[in-house]
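Let me begin by presenting the structure, written as structure tokens, before commenting on it.
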Amino acid sequence: MKKCFLIGLLLGAAGWVSAQEVAYEEYDLDNGLHVILHQDNSAPVVVTSVMYHVGGKDRTEGRTGFAHLFEHLLFEGTKNIEKGKWFEIVSSHGGQNNANTTQDRTYYYEVFPSNHLELGLWMESERMLHPVINQEGVDTQQEVVKEEKRLRYDNSPYGQILPVLGKSLFSKHPYKDPNIGYMEDLDAATLADVIAYNQMYYVPNNAVLVVAGDINAAKTKKMVADYFGSIPRGADIVRNYPQEDPITEEIRSKAYDKNIQIPASIVAYRTPGFKERDAYVLDMISSYLSDGRSSKLYKKMVDDQKQALQVGAFNIGQEDYGMYIVFSLPVGNTSLDTLVSEVEEEITKVRSELISERDYTKLQNKFENRFVNSNSSIQGIANSLARNYMLYGDTSLINKEIDIYRSITREEIREVAEKYLKPNQRVVIDYLPEENLDN
């Protein structure tokens, strides 16, 4: 407990990283593993992290949810780490660790006092080279995933919104299926299926290793070579996902949730992947519409007209396609159609008029603050370095991404809204309590 408390204090100290340019060094091992080092000796903390370019979309029909299953499965144990001991090893050395999976990537990380850097590297190399994948582990983690699905999706109010959005906006691309997968697919998976998935995706040439914090670069390179250099390269991964046909007419649908009493209105648009410049502009539009009490939708629908309990516009970034949604909950007898009309009125203004200079300045300030905050801790820096290399193909975005937002003009905001946020390009979903099913 004392060691865990210590690492918390050290992380707090490391959180006060200045907003100056992030220095880093990157290189490739012969087996294709990309390595990024960031040295910051201001606090005795180090982050070791590995991001694999594999997510929920990487599956075949009838075998969804494998990447999320592996997020759990690769903590089961390795040739040299006994089953169930992973978290015990980390915590007993004063560390913290976790993992997360999206539709596009899986991210594992450890945070240790810097004298345990070698331990972090050894554990991640073990995960990559020597995972123990057997039927017992698969069965165990299948049950863990099922319980997570019940908790986060099946029995959580509004928990089905993301799966409903995927089905509504996509009919061909794997984004149509939930990241967590369908339980019948996991149940049908054989041990051979799971082993083949590991051999395909969890290989050095499909990964980036980031080491950030209180390190000596030369010594760290030697340890990286020792622990990762001999791991065999995997086969090249070829992705060729089907493209979606454009949405040219409004789509109306209904979805039902047994866990809610208040219905919701969801207006959704399919947008470009997050590497595209237009995706950055859509980020700014969502902030303009709903970020904070003075934002256009909140002030109008919640404060002034008392039509909505809550309203938010979100640009959900993904690698191949984004999802732009406006979510609102009605007050009293306000109809969902009224909410849709009020939302459209504000989006129409963005499509047809320039936002004010004052609002534009506020937006620029917000994104400056977000950028600074994203790089204000060693953990944040490690994540940004991995993400920018793996998903954007440009590690230097950690220092220059803010320049993209700075260069976005009021005219561009209007043009992008007109390009993607028109009524004939939207899906309108009435998200209703299940008791209304027969109404």
Side-chain angles (χ1 to χ4, degrees), residues 14 17-18 20-55 74 97 99 104-112 114-131 199-239 275 319 374-375 377-401 403:
V17 177
S18 68
Q20 65 186 10
E21 183 168 299
V22 175
Y24 61 88
E25 180 180 359
E26 58 184 332
Y27 60 98
D28 291 316
L29 298 184
D30 290 342
N31 58 13
L33 179 67
H34 193 73
V35 182
I36 306 175
L37 307 181
H38 166 67
Q39 184 170 330
D40 180 348
N41 305 114
S42 61
V45 176
V46 66
V47 176
T48 55
S49 68
V50 176
M51 182 175 287
Y52 293 92
H53 199 180
V54 57
L74 293 186
N97 75 138
D104 302 305
R105 94 294 180 274
T106 303
Y107 186 59
Y108 298 93
Y109 67 91
E110 293 80 33
V111 187
F112 279 116
S114 51
N115 60 320
H116 293 309
L117 165 61
E118 190 167 5
L119 175 62
L121 291 173
W122 173 72
M123 294 184 79
E124 285 302 333
S125 68
E126 277 290 300
R127 195 197 310 268
M128 188 179 293
L129 180 59
H130 293 135
Q199 292 172 343
M200 176 177 292
Y201 291 109
Y202 297 86
V203 291
N205 47 302
N206 195 45
V208 54
L209 166 69
V210 177
V211 186
D214 184 26
I215 64 172
N216 174 286
K219 292 180 179 179
T220 302
K221 285 183 181 180
K222 174 68 165 56
M223 285 187 277
V224 168
D226 288 345
Y227 286 109
F228 290 89
S230 62
I231 299 177
R233 180 186 181 95
D236 291 340
I237 296 169
V238 178
R239 293 178 172 88
K275 286 185 284 191
E319 189 172 20
S374 69
N375 295 334
S377 71
I378 293 299
Q379 285 171 286
I381 287 172
N383 190 309
S384 292
L385 287 168
R387 183 182 68 251
N388 290 336
Y389 168 77
M390 179 63 74
L391 299 179
Y392 290 79
D394 185 359
T395 314
S396 69
L397 283 172
I398 194 166
N399 293 314
K400 68 182 187 182
E401 187 175 46
D403 295 332

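None of the values given here were measured: they were computed from a predicted structure. Heads up: numbering here begins at 1 and tracks the sequence.
- Exactly one residue among L33, V35, L129 makes a side chain to side chain contact (heavy atoms under 4.5 Å, CB included) with F228. That residue is L33.
- Of all heavy-atom pairs spanning Y107 and A382, the tightest one is OH-C, 3.6 Å.
- Qualifying salt bridge (charged side-chain N to carboxylate O under 4.0 Å, His left out) partners for E401, counting only residues two or more places apart in sequence or in other chains: none.
- E118 pairs by the side chain to side chain contact (heavy atoms under 4.5 Å, CB included) definition with M223, Y227, not counting sequence neighbours.
- Closest approach of S114 and V46 over heavy atoms only: CA-CG1, 3.7 Å.
- Residues Q39 and N41 share a closest heavy-atom pair of NE2-OD1, 3.0 Å.
- Between K219 and L117, the closest side-chain pair of non-hydrogen atoms is not below 4.5 Å.
- Distance check, rounded to the nearest 0.5 Å: CG of L74 to OH of Y108 gives 4.0 Å.
- Distance CG/L119 to CZ/F112: 4.0 Å, rounded to 0.5 Å.
- In this pair, Y389 and H34 present their aromatic rings parallel. The plane angle is below 30°, not in the 30 to 60° band.
- With T48 as the partner, the side chain to side chain donor-acceptor pair (under 3.5 Å) test is satisfied by one option alone out of E124, H116, E110: E110.
- Here the closest non-hydrogen pair linking M128 and Y52 is CE-OH, 3.4 Å.
- Distance CE/M200 to CG/N206: 10.0 Å, rounded to 0.5 Å.
- Formation of a donor-acceptor pair under 3.5 Å by the E21 side chain with backbone atoms of N399 is not found in this model.
- Checked against side chain to side chain donor-acceptor pair (under 3.5 Å), T220 has no partners two or more places apart in sequence or in another chain.
- Using a 4.5 Å cut-off on side-chain heavy atoms (C-beta onward), I381 and V47 make no contact.
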### Task
Kindly determine whether D394 and N388 satisfy side-chain contact (heavy atoms from CB on, under 4.5 Å), including the steps that lead there.
CA-CA 6 Å; D394 185 359; N388 290 336; 5.9 Å; no

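- Minimum interatomic distance between A207 and V50 (heavy atoms only, all atoms of both residues): CB-CG1, 4.0 Å.
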### Message
Could you go through D226 and L121, starting from their C-alpha distance and side-chain angles, then the distance that decides it, and tell me whether this counts as side-chain contact (heavy atoms from CB on, under 4.5 Å)?
### Response
CA-CA 10 Å; D226 288 345; L121 291 173; over 6 Å; no

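- Between N383 and Q379, the closest side-chain pair of non-hydrogen atoms is not below 4.5 Å.
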### Task
Please report the C-alpha distance between I378 and V111 in whole Å, then the side-chain angles of each, then the deciding distance to 0.1 Å, and finally whether the side-chain contact (heavy atoms from CB on, under 4.5 Å) criterion is met.
CA-CA 9 Å; I378 293 299; V111 187; over 6 Å; no

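- The backbone N or O of A23 lies less than 3.5 Å from a partner atom in the side chain of H38, making a donor-acceptor pair.
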### Message
Could you go through Y392 and R387, starting from their C-alpha distance and side-chain angles, then the distance that decides it, and tell me whether this counts as side-chain contact (heavy atoms from CB on, under 4.5 Å)?
### Response
CA-CA 7 Å; Y392 290 79; R387 183 182 68 251; 4.1 Å; yes

### Message
Set out, in order, the CA-CA distance, both residues' side-chain angles and the distance that settles side-chain hydrogen bond (donor to acceptor under 3.5 Å, both in side chains) for T395 and E26, then state yes or no.
### Response
CA-CA 9 Å; T395 314; E26 58 184 332; 2.8 Å; yes

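- Annotation for D30: atom CG does not count as buried by contact number, only 12 or fewer foreign heavy atoms lying within 6.0 Å.
- Side-chain contact between Y27 and L37 is present, with at least one heavy-atom pair separated by less than 4.5 Å.
- Side-chain N or O atoms of D104 include none that pairs as donor or acceptor with a backbone N or O of G55 at under 3.5 Å.
- Of the candidates I237, T106, V203, V54 forms a side chain to side chain contact (heavy atoms under 4.5 Å, CB included) with just one, namely T106.
- A salt bridge does not link R239 with E319: every distance from a Lys NZ or Arg NE/NH1/NH2 to an Asp or Glu carboxylate oxygen is 4.0 Å or more.
- How far CG of L397 is from OG of S384: 10.0 Å, rounded to the nearest 0.5 Å.
- N205 places no side-chain N or O within donor-acceptor distance of the main-chain N or O of R233, the cut-off being under 3.5 Å.
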